[in-house]
Amino acid sequence: QYEEYLSQGGKLSLSEWRITKVNSFVSALYSAVKSVDENLTVSISPAADTESNKNELFADCELWLSAEGYADMIIPQIYFGFNHDTLPFRKTLEKWGDLERNPAVTLACGIAAYKCDDTYSYSDESEMIDWQSRDNNLALQVSKIRENKNYGGFVIFSYSNLTDENCREEISNLIKTVTET
């Protein structure tokens, strides 16, 4: 398809063309959902790394967050600990929170309940230490999300871990934080 595009006089680079195609797809999906029921919520949960989203996945999350017609909610998967080597939680949370946002688009933070299960294989040793040395990672993350006024909440992945025996203390501490006023 890209070769055909070029043969018809197209000037975009392959990466730019792919981004344009993904944006067109996301916009069409949004329109299709809204044509069925305007009250339905369209959400997208991209990877936490904004650079990889655009440069490797061709997902222009910054556009989707800053313009209407792509999503009602963007939920970056910030599934990392505070000491993660490349995407530490606080820094990644702030980076997403600092992006330009259309008021009609809600920004929520995806957090990883599945990492409280000690059978999980962590991406690096510093993150493993984060999750295995304390049982309040999710509670601390929710506190940081609440401090950042650019977020409209958080989403937990995965639901199944909320009742996982291996995650009992972590979830108990999360519940205490969530129910605090």
Side-chain angles (χ1 to χ4, degrees), residues 22 26 29-30 33 37 39-62 64-65 70-99 101 105-181:
V22 172
V26 170
L29 175 67
Y30 182 85
V33 170
D37 185 343
N39 296 313
L40 292 174
T41 299
V42 177
S43 63
I44 300 172
S45 187
D49 188 343
T50 56
E51 306 307 317
S52 291
N53 283 331
K54 194 163 190 177
N55 299 327
E56 296 172 26
L57 303 173
F58 312 105
D60 191 353
C61 302
E62 293 181 36
W64 306 342
L65 191 58
Y70 294 96
D72 299 305
M73 180 179 287
I74 301 291
I75 311 163
Q77 301 171 25
I78 308 179
Y79 296 167
F80 303 101
F82 286 94
N83 295 309
H84 188 271
D85 288 341
T86 56
L87 292 166
F89 182 82
R90 184 175 295 141
K91 181 179 174 187
T92 307
L93 182 80
E94 290 171 359
K95 184 171 186 173
W96 276 93
D98 288 344
L99 295 176
R101 186 173 53 83
V105 182
T106 300
L107 177 63
C109 181
I111 58 175
Y114 66 90
K115 289 193 175 181
C116 65
D117 184 344
D118 58 7
T119 63
Y120 175 75
S121 297
Y122 299 93
S123 60
D124 65 40
E125 189 173 334
S126 62
E127 184 176 47
M128 180 183 72
I129 292 167
D130 262 0
W131 286 94
Q132 292 183 353
S133 67
R134 61 178 176 247
D135 58 10
N136 65 342
N137 288 286
L138 296 173
L140 291 170
Q141 289 178 347
V142 166
S143 294
K144 292 301 169 197
I145 294 164
R146 285 179 166 173
E147 289 173 11
N148 190 316
K149 300 302 178 201
N150 295 314
Y151 284 84
F154 64 94
V155 176
I156 298 171
F157 185 83
S158 162
Y159 175 80
S160 63
N161 296 102
L162 296 178
T163 58
D164 184 334
E165 185 59 32
N166 292 326
C167 300
R168 188 172 38 84
E169 288 301 315
E170 186 78 43
I171 299 305
S172 176
N173 288 325
L174 172 63
I175 290 168
K176 288 176 194 170
T177 298
V178 169
T179 57
E180 290 175 355
T181 55

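Reckoned from all heavy atoms, side chains included, excluding hydrogens, waters and symmetry mates.
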By ring pair (Phe, Tyr, Trp, His ring centres under 6.0 Å), F82 pairs with (sequence neighbours left out) F89
By the salt bridge (Lys or Arg N to Asp or Glu O under 4.0 Å) test, which pairs, at least two apart or in different chains, include something from residues 129-138? D130-R134
Can you list everything that forms a side-chain contact (heavy atoms from CB on, under 4.5 Å) with S172? Sequence neighbours excluded, please. K176
Under the disulfide (SG to SG under 2.5 Å) test, which residues partner C61, sequence neighbours left out? none
Set of side-chain contact (heavy atoms from CB on, under 4.5 Å) partners for D37, sequence neighbours left out: N39, L40
Apply the test side-chain contact (heavy atoms from CB on, under 4.5 Å) to residues N161 and I156: give CA-CA distance (whole Å), side-chain angles for both, the deciding distance (0.1 Å), then the verdict. CA-CA 9 Å; N161 296 102; I156 298 171; over 6 Å; no
Distance (rounded to the nearest 0.5 Å) between S43 OG and W64 CH2: 12.0 Å
Among all residues two or more places apart in sequence or in another chain, which pass the side-chain contact (heavy atoms from CB on, under 4.5 Å) test with T41? D72
Within the distance-only criterion (no hydrogens, no angle test), does the side chain of K115 pair as donor or acceptor with the backbone N or O of Y79 below 3.5 angstrom? yes
Nearest atoms (heavy-atom pairs only) where A108 meets M73: CB-SD, 4.2 Å
Among residues two or more places apart or on two chains, list those pairs meeting salt bridge (Lys or Arg N to Asp or Glu O under 4.0 Å) that have a residue in residues 150-159. none
If you look only at pairs with a residue in residues 157-174, which of them pass as a salt bridge (Lys or Arg N to Asp or Glu O under 4.0 Å), with sequence neighbours excluded? E165-R168
Only one of I75, I78, V155 clears side-chain contact (heavy atoms from CB on, under 4.5 Å) with C109; which? I78
Give me the atom names and distance for the closest heavy-atom approach of I129 to S133. O-OG, 2.6 Å
Check whether Y151 reaches the backbone of K144 with its side chain - one donor and one acceptor, N or O, closer than 3.5 Å. no
Within this structure, what is the SG-CG distance for the pair C167 and N173, rounded to the nearest 0.5 Å? 12.0 Å
Not counting sequence neighbours, list each pair that qualifies as a salt bridge (Lys or Arg N to Asp or Glu O under 4.0 Å) and has a residue in residues 76-97. E51-K95
Residue set satisfying side-chain contact (heavy atoms from CB on, under 4.5 Å) with E62, at least two apart, ordered chain then number -> D60, L99
Contacts of S160 meeting side-chain hydrogen bond (donor to acceptor under 3.5 Å, both in side chains) (sequence neighbours excluded), chain-then-number -> S158
Please say which of L140, V142, L138 ends up in a side-chain contact (heavy atoms from CB on, under 4.5 Å) with T177. V142
All heavy atoms of I171 vs all of A113, minimum pair found to be CD1-CB, 4.4 Å
Any chance you could measure W131, atom CH2, to Y114, atom OH, to the nearest 0.5 Å? 8.5 Å
Minimum heavy-atom separation for N53 to P46, with atom names? ND2-CB, 3.8 Å
Identify the two heavy atoms, one from L93 and one from I145, that lie closest to each other, and give their separation to 0.1 Å. CD1-CG1, 3.7 Å
Minimum heavy-atom distance W96-L107, with the two atoms named: O-CD2, 3.7 Å
Could I get the full list of side-chain hydrogen bond (donor to acceptor under 3.5 Å, both in side chains) partners for K54, not counting sequence neighbours? none
Identify which one of V105, L65, V26 satisfies the side-chain contact (heavy atoms from CB on, under 4.5 Å) criterion when paired with I44. V26
Nearest 0.5 angstrom please: C116 SG to L174 CG, how far? 9.5 Å
